[in-house]
Each structure stands twice: as C-alpha cells, then as structure tokens.
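Note: hydrogens, waters and symmetry copies are ignored here, and every other heavy atom, side chains too, is used. Chain letters run A, B, ... following the sequence lines, proteins first and then strands; every chain starts at 1.
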Number of protein chains: 2
Amino acid sequence: MSTVERHRLIAQAVREAGTLTVAELADLTGASDMTVRRDLDQLAAQGVLERFRGGARTLLLRGDEPPFALRTHEAVDAKRRIAAEVASLITDGETVLLDSGTTCLEVARLLRGRQITVMPLSLQAIGVLGDAPEPTALLVPGGRPRAGEGALTGPLTLASLSALRFDTAVLGCCGLTAGDGMTAYDLDEAAVKKAVVTSARRVIAAADGSKLGRTAHAYVGPSSLVDILVTDATAPADETSALEDNGTTLKIV
Amino acid sequence: MSTVERHRLIAQAVREAGTLTVAELADLTGASDMTVRRDLDQLAAQGVLERFRGGARTLLLRGDEPPFALRTHEAVDAKRRIAAEVASLITDGETVLLDSGTTCLEVARLLRGRQITVMPLSLQAIGVLGDAPEPTALLVPGGRPRAGEGALTGPLTLASLSALRFDTAVLGCCGLTAGDGMTAYDLDEAAVKKAVVTSARRVIAAADGSKLGRTAHAYVGPSSLVDILVTDATAPADETSALEDNGTTLKIV
DNA sequence: CCCTAACGAACACATTGATTGTTCGAAACG
DNA sequence: CGTTTCGAACAATCAATGTGTTCGTTAGGG
C-alpha cells in the first residue's frame, strides 16, 4: 500500500469512527505505529483531523469537503479522462480561464506547451504552468489563496477577472444540478466563479459524476450558464438529461 | 561535480568561447558526450545558448543578465547571509512586499512560517510561500511572468500594487550606484519596482556586492529611495559610503 | 508521586526516482 | 555514400524518501 492510499484509508476511517487510536489504525493499515503516528501528524497539518495523545479524532463534519490532498487521489482516472476531453475542446490561440480544484489541475497539466494564453485560478495550477514551455503564455491573477486549497479568491482576483475577457473558462464545481444550479463549498470561491462566468464567452464545466445531483452551500448560478459539461458515466442519467434540457451540451467520457 | 556545477561551467565556457563542440565540452567537464548533449538541451531550453549540430553557441551578449537558473547558484552564501539579515529586519505582524530575483527568493524561504502577510512578486517565491505553515498569510499579485525569471510584471501587477500598501518592501536590483540610482535589466520590472517603492513605507534593498557600482538599462529611481541596504563585504567601499551619504542605512553582513 | 503508555529522535534498511554512461539504430551533413 | 552526430533504450549508480526498530523521554492516570 502506498503512502497516499494509507492516508486516505486513515482519513476515511477516522472520519467514520469519529475517534480512533494509533493501535487501531496500525492494525487497520498493517503499518507500524510509528508510521501511523507520522501519518496522523501529516493529516493533522492538512487539517483533516486532530491529534490527541494515543489517537486522532475527525475535524471534518459530514458534508464537508475533504481536503485537497485527499481529493487529488480520488477518481483519478475519471478526472484524467475528463481533463483530456476538456483539453481537446480548447483550440490553439484561445485565451483560457482555468478554475481551481483537482480536475482543473489535471487540465493544467495537459495544457502545458499548448499554444494558448491561460490564467489559472489556483496556486497549484500556477505551479504546473509556471515553467510551461513555449508557446504557452501564462497570466497570473491576483488574490488570496484559500488555505489548503490554493484557490485564489478575494478582491484582487475579482479585479483581475473584471480587467480581462476570455474565450473559454474551464470551471470546476462542488455541486451541479438542473434545479439548484452550480454550487461551491466556499462563498468566496463562488464569487470568483460568478466573475469567471461573466468574463468568459464559453463556459466548460469539468465535473466527475459525484458532483452531479449534489448541492453545496454557496450558489454560483443556474446550470444554464454552463455551455458544455464534461463528466463521466457515473453521472446519474436523470440529472444529465435535465441539464441537457436546460441547454447544456453533454460530453460523457 | 554536480549537475548544476557542470551546467554553470558549460554556460560560462560557451559564453567566453562563443562556440564550442560537444567533444570539447565533454573533455572540459570530464562527462560523457551524451551527458553534455543532455546538458546543452537543457541550457538551450533555458535560453542560455543555442544548439547546433555538433555543439552550441552562446546567446548571451556581454553585459546581458545570466538566466535565473544559473544565478541561483552564484554567490550562494553571500545571498544567504544577506537574506538572513533582511529577514531579521522584518518584524512579526508586518505586511511585506517581496521583489523577484534570486536573493529575494532566499528571503522568501526564511519567511516561511513567520507571522506576516507577504506578497511576492515572482512565481518562484509564490511557490516557496504557497504552502507556508501558519501563521504566514500569502497575497498573490496579478501579472504576467517574465520568461525564465518568473518575475511578475505588467498592468495587473501594477494594479495589484496600487490597491495595497505595505509596511516593508524587500527589493532586489540589478544595479545600484549613488550616481545612477537603482537600475534593472528589464523595463517592465523597473516599472514594477517603481510601484513597489510607492506602495511601501520602508524599502530594504538586498544586493550582493557585485550589484553596487553597476548600472543596468532600466532606471528605477535615485538611491535615496532605499532606506536600508543589506549587502556583503565585497561591495566597493567608495560606493557604499556614497550611498550612505545619500541617506541609505548600510548593513554589511 | 509513581507507573504505564505514548511519543519523538535516531539509526538502519528498503524502495523509489533521478542522473549518468553505454550501446545501437536513425538521421544529417559534406 | 561515408562519416559524424543524434536520440532512444537500457543498465548501473547515487540520492532521496519512506518505513520499521530501538531506546530514552514525556505526559497523564491512578
């Protein structure tokens, strides 16, 4: 078992049980207690759980978004396929806005070296595209990164968005339904997504099936603002057809 | 010999000779020709030199600034000492502007975890501070990164700077003299440095001795806008005393 | 106040990834 | 058309990381 697998296993177990001891987790993972202790320290630093002497307890409430470091390793190949489709929808010469989130980060990797101008809205994507080879042009938006997520938000981000217009925006989202529209976990991020939609002529949403039919806290806008939705086959059929009725073009990979 | 040492050796040799063959460089470095070829490809990608069949020729004119990747490994311990002094001049709770350049990047490393708000003006520094532990707060300026340097410039950067005020700015520079003032190699960077000075209450310049008495192309402003200059003992004494006469406080480490 | 369990530091070991050199077939230049 | 250079592939080497063990220290409970 790799390190990240064990981290996910521990995070999930602690989240479900609420509280677990080091010994229980060592037993569960098959690793030594020292390794479990090191894992718990790392997960605590990521804000996933809280350490106490002898074990750990969860910090994530039900419905909370799992931290970025864990989401990165969930539904990996679905995200990769979705990202590949999104990248293929982008034409050379375009100016592209790239949202934060793990799926969009995967898109960023595929855009390296493409002949486009891209403005990524997360620190991670900036890192990926920061040393991209020619002819890719990078634009950095201002902003304050959300802890753990690296998603840029705030007045500087909104100002950067309002100063520019883009051919295509690639949007990630936490929830998307025909009824409740697009939603995000974080209010500031939702404000950024709203501005993104305003600044872009074409909006591509990249969301694996688990996001469809789900509703998060912060409202972004109606589903009709999504021109193209790229998702995978795990998306519920009733939801996708309802989204299609609202005017969104579907790409299921 | 490490990889970066060999790269520097090759870059310097090609720069001085103008043109060298793979065989000559393999002989010089003691590495195999395959390794030299790989090195040349990497240096060509960095814009240091131009590949041709059988060897490479320099792209750097005399007086040009060597690329970032090479400067990082020059005067390493002087930069580190200067950076340590700069970091010690910054008080907890301050808001700090951090310029681009290799010396300021070293400062960024020392600011990780400090209780400050910091806005770095280069991609590299953003990368270093992007996952800084609490209680460091990061602000990202907008901008277009200069190829190879990662220095953020342009209207978005200027807008971000004009929207904020800072307690302290840490400025790197390419040249600083009492007579010609502060100068940079790049016009856009000079414009950013001007805005930096305007947005900061206190200006600390971090420049190793080689920068003093040197004048580059783009004018930033008179030396009197530097409140504190942190440099090392290789700085020419006549220059430092002239700067001191202009009102700059000296810290020689 | 003491005892026990948990912790963290230090070391050894394994595994992984990066770097380098070699070989060989392909391509470029004269 | 021959020679030289190049690039891909493979194997060897080295560094870095992750893991487990040991042992002295510390925190908390009785």
Enquirer: A:Leu40 CG to D:dG18 P: how many Å, rounded?
Expert: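 In whole Å, D:dG18 P lies 16 Å from A:Leu40 CG.
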Enquirer: Could you give the CZ-to-P distance, from A:Phe52 to C:dC7, as a whole number of Å?
Expert: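 The answer, rounded to whole Å, is 9 Å.
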Enquirer: Given atom CG of B:Asp41 and atom P of D:dC6, what is their separation to the nearest angstrom?
Expert: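 Nearest whole value for this atom pair: 9 Å.
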Enquirer: What residues, two or more places apart in sequence or in another chain, satisfy side-chain contact (heavy atoms from CB on, under 4.5 Å) together with B:Ala137?
Expert: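 side-chain contact (heavy atoms from CB on, under 4.5 Å) list for B:Ala137, sorted by chain: A:Arg144, B:Thr117.
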Enquirer: Taking only Lys NZ, Arg NE, NH1 and NH2, and the carboxylate oxygens of Asp or Glu, determine whether B:Arg71 and B:Glu149 approach each other closer than 4.0 Å.
Expert: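 Counted as a salt bridge, because a side-chain N and a carboxylate O are separated by less than 4.0 Å.
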Enquirer: Got a salt bridge between B:Arg8 and B:Glu5, using NZ or NE/NH1/NH2 to carboxylate O under 4.0 Å?
Expert: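 No, no charged N to carboxylate O under 4.0 Å.
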Enquirer: Expressed as a whole number of angstroms, how long is the span from B:His7:NE2 to C:dA18:C1'?
Expert: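 In whole Å, C:dA18 C1' lies 13 Å from B:His7 NE2.
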Enquirer: If we ignore hydrogens and angles and just use 3.5 Å, is the side chain of B:Asp33 paired with the main-chain N or O of B:Ala23 as donor and acceptor?
Expert: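 Not a single qualifying donor-acceptor pair exists.
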Enquirer: Tabulate protein N/O versus nucleotide N/O from nucleotides 19-22 of chain D, keeping only pairs under 3.5 Å, one per line.
Expert:
from, atom 1, to, atom 2, distance (Å)
D:dT19, OP1, A:Thr3, OG1, 3.0
D:dT19, OP1, A:Arg6, NH1, 2.9
D:dT19, OP1, A:Arg6, NH2, 3.2
D:dT19, OP2, A:Arg6, NH2, 3.0
D:dG20, OP2, A:Ser32, N, 3.3
D:dG20, OP2, A:Ser32, OG, 3.2
D:dG20, OP2, A:Thr35, OG1, 2.3
D:dG20, N7, A:Arg38, NH2, 2.7

Enquirer: Salt bridge between A:Arg51 and A:Asp41, side-chain N to carboxylate O under 4.0 Å?
Expert: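 Yes.
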Enquirer: State whether B:Arg146 and B:Asp186 are salt-bridged, where the test is any N-O pair (Lys NZ or Arg NE/NH1/NH2 against Asp/Glu carboxylate O) under 4.0 Å.
Expert: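 Yes, B:Arg146 and B:Asp186 are salt-bridged.
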Enquirer: Expressed as a whole number of angstroms, how long is the span from A:Arg53:CZ to D:dT26:C1'?
Expert: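 It is 6 Å, rounded to the nearest whole Å.
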Enquirer: Between P on C:dT23 and CZ on B:Arg37, what's the gap in Å once rounded to a whole number?
Expert: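 Going from CZ in B:Arg37 over to P in C:dT23 covers 14 Å.
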